[in-house]
Each structure stands twice: as C-alpha cells, then as structure tokens.
Chemist: 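My questions all concern the structure below.
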Protein chains: 2
Amino acid sequence: MPTVSDVAARAGVSTATVSRALNGKPTVDPDLAARVRQAADELGYQPNGPARNLRRQEAAVVALIISDVENPFFTAIARGVEDVAHEVGYSVVLCNSDESAEKERRYVDIAIQERVAGVILSPSGPASTVAKLAARGTAYVAVDRPLPGQDSDVVLVDTRLAAREATAHLIAQGYEQVGCITGPVGVRTADDRLAGYRDALKAARRRSTPKLVRRTEYKSAGAHRAALDLLSQAETPDALLIANSAMAVGVLQALQERGVRAGRDVGLVTFDDAPWAALVDPPLTVVAQPAYELGAVAARLLLARIADPTRPATTTTLAARLTERASSHRH
Amino acid sequence: MPTVSDVAARAGVSTATVSRALNGKPTVDPDLAARVRQAADELGYQPNGPARNLRRQEAAVVALIISDVENPFFTAIARGVEDVAHEVGYSVVLCNSDESAEKERRYVDIAIQERVAGVILSPSGPASTVAKLAARGTAYVAVDRPLPGQDSDVVLVDTRLAAREATAHLIAQGYEQVGCITGPVGVRTADDRLAGYRDALKAARRRSTPKLVRRTEYKSAGAHRAALDLLSQAETPDALLIANSAMAVGVLQALQERGVRAGRDVGLVTFDDAPWAALVDPPLTVVAQPAYELGAVAARLLLARIADPTRPATTTTLAARLTERASSHRH
DNA sequence: ATGAAAGCGCTAACAG
DNA sequence: CTGTTAGCGCTTTCAT
C-alpha cells in the first residue's frame with residue numbers, strides 16, 4: 001500500500017507538500033499540486049484513515065445508533081441523516097442497537113474509541129449510557145426519544161398530541177371501547193402514546209381502564225399476543241390505537257385468526273405510514289411521522305454542535321399527521 | 001482523554017504492560033493485570049481506535065455495503081451479518097449505496113481508507129469498483145448479486161429457478177397471459193428473475209412477448225408506472241410475477257386505481273415474504289428468500305477469507321421457497 | 001511556497 | 001514476566 005512518502009518520492013517533493021496538496025491547502029504551487037495529484041493517481045494512493053485520524057484527533061464520521069434496523073421508521077431517519085451528512089463530507093456509520101441497552105452501550109464505546117466527530121442515537125438504554133459521550137466531549141443528539149436529565153439536543157415528534165388526536169378521531173367516529181397497544185414501559189415514545197390516548201379519553205369524559213391497554217415490545221409478535229389477549233376478554237375493545245407499523249402487522253394477524261373484521265368490528269389507527277398501509281383490507285388510518293425530516297434535523301443539529309460545542313442545547317418537536325383511511329370509519 | 005501512559009503511571013507499570021494486560025495477553029501477572037484494569041476503570045480509559053488500528057494495520061471492523069437500507073430484504077441480510085460478526089468480536093458498519101455505482105465506489109474507498117478487515121457488498125456498480133479491493137488485498141464477499149469476472153466468494157439465491165417455479169405455478173393455476181415486472185437491466189437478480197420467467201413460459205410452450213414484460217428500478221414508484229402501462233395495453237396480462245416487495249406495493253396501488261381485482265382479474269406472485277404480504281387483500285403468494293441466512297453465510301465466508309486470504313473462492317447458492325396464498329389462486 | 005522533523009497513542013520486537 | 005524503544009502514516013509547527 002503506497003504512503004505519502006511513496007507519493008512524495010514519485011513527485012519529487014516532501015511529504016509535507018504531498019499532504020498539503022492532497023488536502024487542497026491554498027499555500028501550494030498549482031504546478032506542484034498537479035504533479036502530486038498525478039503521482040498519487042498513478043500509485044493508486046489511498047490515505048490511511050487511522051493515521052490521519054490519529055493525527056487529527058477526529059474522524060469526519062458520525063455514528064447513528066438506532067434501535068431497530070428492520071423498522072422502516074428508523075431507516076427513514078437514517079436516510080435523512082445520511083443526506084445531510086454527505087453534503088458536508090461526513091460519512092455515516094449505522095449501528096443497530098436492537099433495543100438493547102447493552103448493545104447501545106457497546107456501540108457508544110466503539111464510537112468513542114473510534115473518535116467519531118459525533119453520535120446521533122435513539123436511546124434504548126438509560127441516560128447513563130450517553131453520559132460517557134458528554135464526559136468525553138463528543139457531540140451527540142438524541143432523536144425520537146429524549147434523554148431524561150441530559151441537556152442535549154433532541155429532535156422529537158409530538159407523539160403524545162398525535163396519539164391524542166388519533167384517539168379522539170376514533171371516539172368521534174363512534175367507537176365506544178377504544179383500546180391501546182403500545183411499546184414497553186420506559187420507552188418514552190411508548191409512554192407518550194399511552195398518555196395521549198388517556199388524554200383523549202379524559203377529554204371525552206371516558207374512563208380509561210387497564211383492561212383495554214396492553215404494553216409489549218415494539219414488534220409484531222408482541223402485538224399479536226397482546227391483541228389475542230385483548231380479544232379473549234369479556235369486555236373487548238371495538239377500536240384500537242396501535243403504536244407502530246410492525247405492531248399493526250401482529251394485530252391484523254390476530255384479528256384475522258379470530259375472524260374479527262378490521263374496520264367493521266374493530267376500528268384501527270396505527271402509527272407510521274408504512275408503504276403497504278393503504279393496501280390492506282381495510283386500508284389503515286395512520287399517524288404519519290416525519291421520519292426523514294427527523295433524521296435531517298438531527299444531523300444538522302449535530303453538525304452545528306460539532307462546529308460549536310458551547311451551543312446551548314435545543315429541543316425540536318415536529319408534528320405528526322393523521323391520515324384517515326377506512327380502518328377507522330364505522331360502517 | 002486518558003492514554004495508556006496515564007493508566008501506566010497510575011498502575012505503576014510500563015505502557016507495554018498496560019497494553020498487554022488490557023488485551024488479555026497471557027504473559028502478564030494476574031495481580032498486575034488486575035491493578036491495570038482497575039487503574040483503567042478509574043480513569044475511564046477508552047483505547048484510541050485510530051492509534052491501535054494504525055499500529056495493527058487493521059481494524060476489527062467489516063463494512064457492509066447494501067444497495068437499499070429501506071428494503072427489508074437487505075436489512076435482514078444486515079442482521080445475519082451482524083449476528084455472525086459480533087460473535088467473533090467484529091463490528092459491522094452499514095453503508096447505503098442506494099443503488100448508485102458512485103456511492104458504492106465512495107464507500108469502497110472509505111472502507112479501504114479505514115483499513116477495515118473486510119467488505120461484504122451487494123454490488124450495484126460495475127465489477128471494476130471491487131477490483132480496488134482485490135488489488136489492495138482487502139477481503140470481500142459479494143452477496144445477492146455476483147461480480148462478473150471476479151473470482152470472489154459469492155452468496156446467492158437461486159433466483160432464476162425460483163422465478164421459474166413461481167411462473168410455472170401461475171401457469172398451472174390456469175392463467176393465460178403471465179407478465180413480469182422486474183428490476184433494471186444489468187442488475188443480476190432482475191435479469192435472472194426475467195430469465196426464470198422465460199424458462200417457465202418456454203417449458204409450457206408459451207410464447208414470451210415483450211408486451212408482457214416491464215423493467216424498472218426496484219422500487220414502488222417504478223413498478224406502479226409499469227403496471228399502469230401494462231394495464232393500458234390492448235392485450236393485458238391476467239397474472240404478474242413481481243420482482244420484489246417494494247414493487248408489489250406499486251403494483252397493488254395501480255390495480256386498485258384501475259379497479260382491477262388482484263387475485264381474481266390478475267394473479268400475483270411477488271418476491272420477498274414481507275411481513276404484510278399475508279395481510280393484503282388477497283393475501284400475496286410470495287417467493288420467500290432466505291435473507292438472514294444469506295447475510296450469515298456471507299459473514300462466515302468473509303471471516304474465513306480474512307483468516308486465510310489464499311482460500312479458493314466459493315459460490316454458495318441458497319434456495320428460495322414459494323409460499324402459496326390466495327393472490328395466485330384462480331376463483 | 002517548501003522542507004525537516006516532531007509526535008498523535010498504540011503495540012510488538014527486543015532485552016533483560 | 002516486565003520494561004525500553006521504535007515506528008505505524010499522517011499532519012503540522014517551525015524554520016528557511
């Protein structure tokens with residue numbers, strides 16, 4: 001593998017000049033610069049990243065730690081982050097924490113060890129995980145979920161309000177027993193969706209009862225069990241608010257198995273406007289979240305913080321939008 | 001940020017001993033090792049990755065360059081790669097080439113610059129992109145798509161056979177005019193699916209006509225246009241083979257808009273067993289690809305090649321499985 | 001504008 | 001078993 005010295009020898013200059021030329025420093029004679037670039041090309045020179053980062057004490061890389069690569073909501077965030085980061089010459093490495101605090105901590109450690117310029121994460125674990133980043137002065141931004149007790153930049157969706165509106169919509173459609181299937185206790189978005197659901201019940205002077213609420217992992221299988229469980233009760237819900245699209249899959253399966261007709265016997269609203277949401281029978285009413293935008297904003301905030309670590313922390317809240325389809329319309 | 005010297009000073013040993021202790025080398029006194037670990041803990045020491053990699057001339061990282069993060073097929077591959085890599089202490093960085101040869105080349109360059117131990121990629125671009133890896137002696141494995149002219153390790157699905165079987169199934173169900181919507185020319189999986197489709201027509205002594213075939217990007221929007229186009233012809237297909245699940249979304253939308261009933265007016269088989277495939281109306285018959293397994297096998301091959309670069313190249317072909325549902329059953 | 005030389009933090013010879 | 005020391009490849013003073 002050729003090094004700066006090889007390039008320097010071939011171009012007949014010093015390594016310092018090679019470095020300057022290749023990094024586009026203005027203080028180098030154009031002719032020399034051209035000679036250097038040609039020599040580098042001929043040798044197929046590729047700079048040694050670790051050496052460069054060691055010297056510079058920082059890499060033009062941001063780490064994006066998301067809680068589930070298989071969830072389209074998070075991959076959309078990833079796209080937003082990538083597009084913004086690439087614009088300014090940063091690379092993005094995607095890490096999948098899989099909703100595990102342990103893996104999240106591991107990836108945070110790796111990010112620190114690799115001396116990345118910054119980290120964007122949707123926290124699965126306790127705030128203590130990111131405290132390491134703060135302690136080391138590595139810039140970071142939380143996305144989708146806040147970090148209790150940390151005054152970091154955060155980009156959120158107003159998910160509580162969205163849940164409230166979605167529930168209010170079900171109530172307005174005449175459903176009597178609106179239930180809710182949401183994510184695990186302690187995951188902020190799951191808590192907020194439940195809180196919004198309760199807000200709406202309260203506003204409509206309905207009693208909220210634990211019998212109509214189920215909490216489980218943010219996945220299809222958990223929601224499937226939860227739905228079967230809800231349906232096997234004496235008092236079954238006639239509508240459901242579902243906290244994400246993976247869960248919606250599990251719920252729809254459960255309804256099918258039990259011969260319950262979605263949209264007729266049970267009204268449905270689910271978070272996330274999956275590409276297939278309009279194609280199932282009946283088409284799903286959804287709360288569309290601005291996932292791409294979330295990622296893009298987070299990336300811009302991170303870059304700003306990298307540039308100026310003393311910037312005051314900000315909280316950005318984006319709105320979600322209810323898209324009505326047949327699954328929430330009573331027949 | 002504390003360094004080995006700081007730890008060494010605190011533990012009262014040399015930096016070499018610190019390095020040895022922290023890397024679990026057996027040649028260090030257990031007592032000393034314990035003292036070193038404690039000192040490291042107390043200081044919150046995190047090794048400097050770039051420095052380590054510079055010295056070691058290699059990082060325990062593999063890059064996974066996939067052509068579309070938003071495609072569940074590829075994220076499933078990613079899961080397979082991650083699980084295997086993590087078992088042996090490697091980290092995985094995910095790069096999204098977005099079906100762009102340009103981005104792919106860029107990520108390959110970055111992988112080389114960062115001196116990753118190996119690269120797994122689903123090639124979007126020409127074989128010349130990976131030639132760089134070969135030239136530098138970086139281990140790599142192609143997944144899902146072969147690299148023409150490169151004798152590298154490859155992990156594939158027997159997609160041509162799967163397409164043939166899927167098409168034969170449609171013919172056996174009594175459909176007369178089976179069409180095909182597949183990916184771009186030059187993308188190997190897209191070519192193979194078309195070839196398998198033609199194989200089946202030939203075997204059934206049907207004439208294959210360009211009028212029933214459309215090629216477009218592997219996305220919903222392209223397939224949507226393609227389907228509308230097919231439906232607006234004089235001779236419309238009464239069945240379709242669709243090359244992936246994103247495309248299926250576009251096709252189903254098109255059918256809805258035209259008031260064509262899927263499964264009744266037009267039989268459907270699509271590649272990829274998306275979680276929602278059984279939930280649409282009618283449930284989709286699919287060709288389920290072993291995506292996770294694909295990733296896991298690719299990772300194992302890569303690790304083997306990293307360990308022994310002289311290993312002969314292998315080609316692994318996994319089978320896909322037709323899952324019959326109502327969308328391909330004539331009423 | 002260019003070169004010489006130091007040094008980022010770590011690991012691996014080599015000595016002891 | 002432990003310490004001393006060199007050097008990975010790069011960028012960046014400092015000097016010219």
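Side chains included, hydrogens not; waters and symmetry mates left out as well; all remaining heavy atoms used. Chain letters run A, B, ... following the sequence lines, proteins first and then strands; every chain starts at 1. Worth saying up front: this structure is predicted, and the values here are computed from it rather than measured.
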Chemist: Please state how far atom CG in A:Leu22 lies from atom P in D:dG9, giving the value in whole angstrom units.
Modeler: 16 Å
Chemist: Check the phosphate of D:dT4 against B:Ser14, side-chain N and O only, distance under 4.0 Å to OP1 or OP2. Yes or no?
Modeler: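 Indeed not, no polar side-chain atom of B:Ser14 lies that close.
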Chemist: Measure the shortest side-chain to side-chain distance between B:Asp98 and B:Ser67 over non-hydrogen atoms and say whether it is less than 4.5 angstrom.
Modeler: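 Counting from C-beta outward, B:Asp98 and B:Ser67 never come under 4.5 Å.
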Chemist: Measure CG/B:Leu43 against P/C:dG9 and give the value in whole Å, please.
Modeler: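 Whole-Å distance recorded here is 14 Å.
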Chemist: Within the structure shown, what part of the strands sits under 4.0 Å from A:Thr27 by heavy-atom distance: base, sugar-phosphate, or nothing?
Modeler: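 Base: the residue A:Thr27, judged by heavy atoms under 4.0 Å, touches a nucleobase.
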Chemist: Count the heavy atoms belonging to other residues, nucleotides or ligands that lie under 6.0 Å from CZ of B:Arg115, then report whether that count exceeds 12.
Modeler: yes
Chemist: Calculate the interatomic distance between B:Asp31 atom CG and D:dT2 atom C1'; express it in whole Å.
Modeler: 14 Å
Chemist: Tell me, which pairs form a salt bridge (Lys or Arg N to Asp or Glu O under 4.0 Å) where one or both residues lie in residues 123-144 of chain B, sequence neighbours left out?
Modeler: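 Qualifying pairs, neighbours excluded: B:Asp109-B:Lys132.
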Chemist: Check whether any side-chain heavy atom of A:Arg79 sits under 4.5 Å from a side-chain heavy atom of B:Val69, and report yes or no.
Modeler: yes
Chemist: Measure the shortest side-chain to side-chain distance between B:Lys103 and B:Asn96 over non-hydrogen atoms and say whether it is less than 4.5 angstrom.
Modeler: no
Chemist: For B:Gln57 and B:Leu32, find the nucleotide of DNA chain D closest to each by heavy atoms; which residue's nucleotide sits nearer the 5' end?
Modeler: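 Its nearest nucleotide being more 5', the pick is B:Leu32.
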Chemist: Please report the C-alpha distance between B:Tyr218 and B:Thr189 in whole Å, then the side-chain angles of each, then the deciding distance to 0.1 Å, and finally whether the side-chain hydrogen bond (donor to acceptor under 3.5 Å, both in side chains) criterion is met.
Modeler: CA-CA 10 Å; B:Tyr218 260 137; B:Thr189 50; 2.9 Å; yes
Chemist: Whole-Å distance between C:dG7 C1' and A:Asn53 CG?
Modeler: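 Atom CG in A:Asn53 sits about 16 Å away from atom C1' in C:dG7.
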Chemist: Between C1' on D:dG9 and CG on B:Leu54, what's the gap in Å once rounded to a whole number?
Modeler: 6 Å
Chemist: Using a 4.0 Å heavy-atom cut-off, write out nucleotides 10-16 of chain C from 5' to 3' as B (base contacted by protein), S (sugar-phosphate only) or - (no contact).
Modeler: BBBB---
